[in-house]
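Within every chain, numbering begins at 1; the chains are lettered A, B, ... in the order of the sequence lines, protein sequences first and strands thereafter. Computed from a predicted model, the values in this text were never measured in an experiment.
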Amino acid sequence: MFKYEILKVCGQSGARIGRFTTPHGEIETPVFMPVGTAGTVKGLSPEELKEAGSQIILSNTYHLHLRPGEEIVKGAGGLHKFINWDKPILTDSGGFQVFSLTKLRKITDEGVHFNSHIDGSRRFISPEKAIEIQQALGSDIMMAFDECTASGTDRRKSKEALDRTLRWLDRCDKKATGEKQILFPIVQGNMYADLRIESIEKTLPYAKCGLAIGGLSVGEEKPVMYEMLDALRPYYPNNMPRYLMGVGSADCIVEGIVRGIDMFDCVLPTRVGRNGMAMTFEGDITIRNAPYKDDYSPIEEGCDCYACKNYSRAYVRHLINAGEIMGGRLLSLHNIRFLHRLTEKIKDAIRADRLLDFRREMLANYRIKGVTT
RNA sequence: GGAAGAGUUCCCGAGCGGCCAAAGGGAGCAGACUGUAAAUCUGUUGUCGGUGACUACGGUGGUUCGAAUCCACCCUCUUCCA
């Protein structure tokens, strides 16, 4: 049911264009996947996402487990039906919440005890439980339950998390039988190249048709993240997509693809959009700011998204400023379309064997922000 | 005409002798945001080139070492009585 075919390899960079077949359709990589944590890409309808070019979206095990509960989703006929999205869905395992809800958790080898961020109730998620939930949800791609560490974590703790992630992976793998859903294992190892290599070597036996790189974009400087990707690159198998988790700024996506990555996801376009910022080929611009109050040009010149075709910066700024939902919607839509346009341009460059040239040209005009968080 | 109350920094509004360039909120301005506890969070908002000075709490004049705060008169507004 799952298959990854390489359609083109860039002669200049080695980046590839691929076709990833899933039960809910094909995905052409490189691909950016918008995040819809609670079963919706915040503010946008499935039709709008499709029009923007989204091929697959994410959802979250932890959030849907807490509310409404996977049995409700299953009762609706599965997540695709429940949220009216008939294309592929990837569910994150809740591993990232282990990391981001750091004050509310306790990690043991069996699993993680959480306090629900919603009502404070005591919860427990194990690797088995994470898979069961994802099976009830019926996503196409299930993520292994992993332990993500923050940038700055010492070597000993990073190694512990890596080992635990591997033990958990084995348990996830035993549970993840069935043809309709595939399990993506996740490489950890923090910012230690040798740990990263150890992690990928021990993880690869579990990678059937997809491999994820986790624990990056967690507060390190961007060059550090690129170093980790460089260290991993020789170890990637060719017959499956490589997914860099949680990355979504334009510069990081280009740098990732140049380093062999095929899939990305990020909350950035929607979050930053709701907060009044537009992603463009010149870098982020804060539409909320005063200089745009009488700027009647589109959000980004040359963009073909619904927001750019129909509205001005001045109008979007007014909406954001007035606290109108539509402002965040239009910017989210633009930002997602922007990232899809980016990957389209990147694919063009791969087809023309000139991705390194494209990167240089693109970054020459792009204002980069320093750290990943 | 009489009585009572009120006038505070862009707005609302606290302060009622020194710790006040003045709480708090709003609005404004700016920054942040990368597997979403986020339509959120943070900073800033009298002027001048910095620990300092200057201008400010309706107006004018007083009391006091010191006043947004007390006194006198004036102006404006609100409510009530004729």
Query raised in the report: Taking CE from A:M277 and P from B:U40, how many angstroms apart are they, rounded to a whole number?
Result: 15 Å
Under 3.5 Å, which protein N or O atoms sit close to an N or O of nucleotides 25-28 of chain B? Give each pair with its distance.
unit_1: B:G28; atom_1: OP1; unit_2: A:N321; atom_2: OD1; d: 2.7

Report task. Just jot down the ring pair (Phe, Tyr, Trp, His ring centres under 6.0 Å) partners of A:F124, sequence neighbours excluded, or say none. Result -> A:H113
Ignoring hydrogens and angles, write down the donor-acceptor pairs under 3.5 Å from the side chains of residues 314-327 of chain A, residues two or more places apart or on other chains.
unit_1: A:R317; atom_1: NE; unit_2: A:R288; atom_2: O; d: 3.0
unit_1: A:R317; atom_1: NE; unit_2: A:N289; atom_2: O; d: 2.8

Report summary line: Within residues 24-46 of chain A, the residues having a heavy atom closer than 4.0 Å to RNA chain B are A:V35, A:T37, A:K42
Query raised in the report: Counting any heavy atom closer than 4.0 Å, what does A:D284 reach on the DNA or RNA strands: base, sugar-phosphate only, or nothing?
Result: nothing
Query raised in the report: Sequence neighbours excluded, which residues qualify as side-chain hydrogen bond (donor to acceptor under 3.5 Å, both in side chains) partners of A:D348?
Result: A:R351
Distances under 3.5 Å between nitrogen or oxygen atoms of protein and nucleotides 42-47 of chain B:
none

Query raised in the report: What parts of residues 177-194 of chain A reach RNA chain B, counting only heavy atoms under 4.0 Å away?
Result: A:I186, A:Q188
Query raised in the report: Does anything in residues 184-204 of chain A pair up under side chain to side chain donor-acceptor pair (under 3.5 Å), and if so which pairs, sequence neighbours excluded?
Result: A:D146-A:Q188, A:T149-A:N190, A:R155-A:D194, A:K159-A:E198, A:E198-A:K202
Query raised in the report: Looking at residues at least two apart in the chain, or sitting in another chain, which of them share a ring pair (Phe, Tyr, Trp, His ring centres under 6.0 Å) with A:W85?
Result: none
**Report entry** Candidates B:G35, B:C33, B:G31 - which lies nearest the side chain of A:C266
**Finding:** B:G35
Requested in this report: Find the distance A:R242:CZ to B:G35:P and express it as a whole number of Å.
Outcome: 23 Å
Query raised in the report: With ILVMFWY side chains joined below 4.5 Å, transitively, what does A:F184's cluster contain besides itself?
Result: A:M1, A:F2, A:Y4, A:I6, A:V9, A:F20, A:I27, A:V31, A:M33, A:V35, A:I56, A:L58, A:L90, A:I141, A:M143, A:I182, A:I186, A:Y243, A:M245, A:M263, A:V267
Query raised in the report: For A:Y292, which residues count as a side-chain hydrogen bond (donor to acceptor under 3.5 Å, both in side chains) partner, sequence neighbours excluded?
Result: none
Query raised in the report: CD of A:Q134 versus C1' of B:G35: gap in Å, rounded?
Result: 12 Å
Query - Any donor-acceptor pair under 3.5 Å from A:D262 side chain to A:P30 backbone - result: no
Query - Pairs touching residues 266-279 of chain A that satisfy side chain to side chain donor-acceptor pair (under 3.5 Å), sequence neighbours left out - result: none
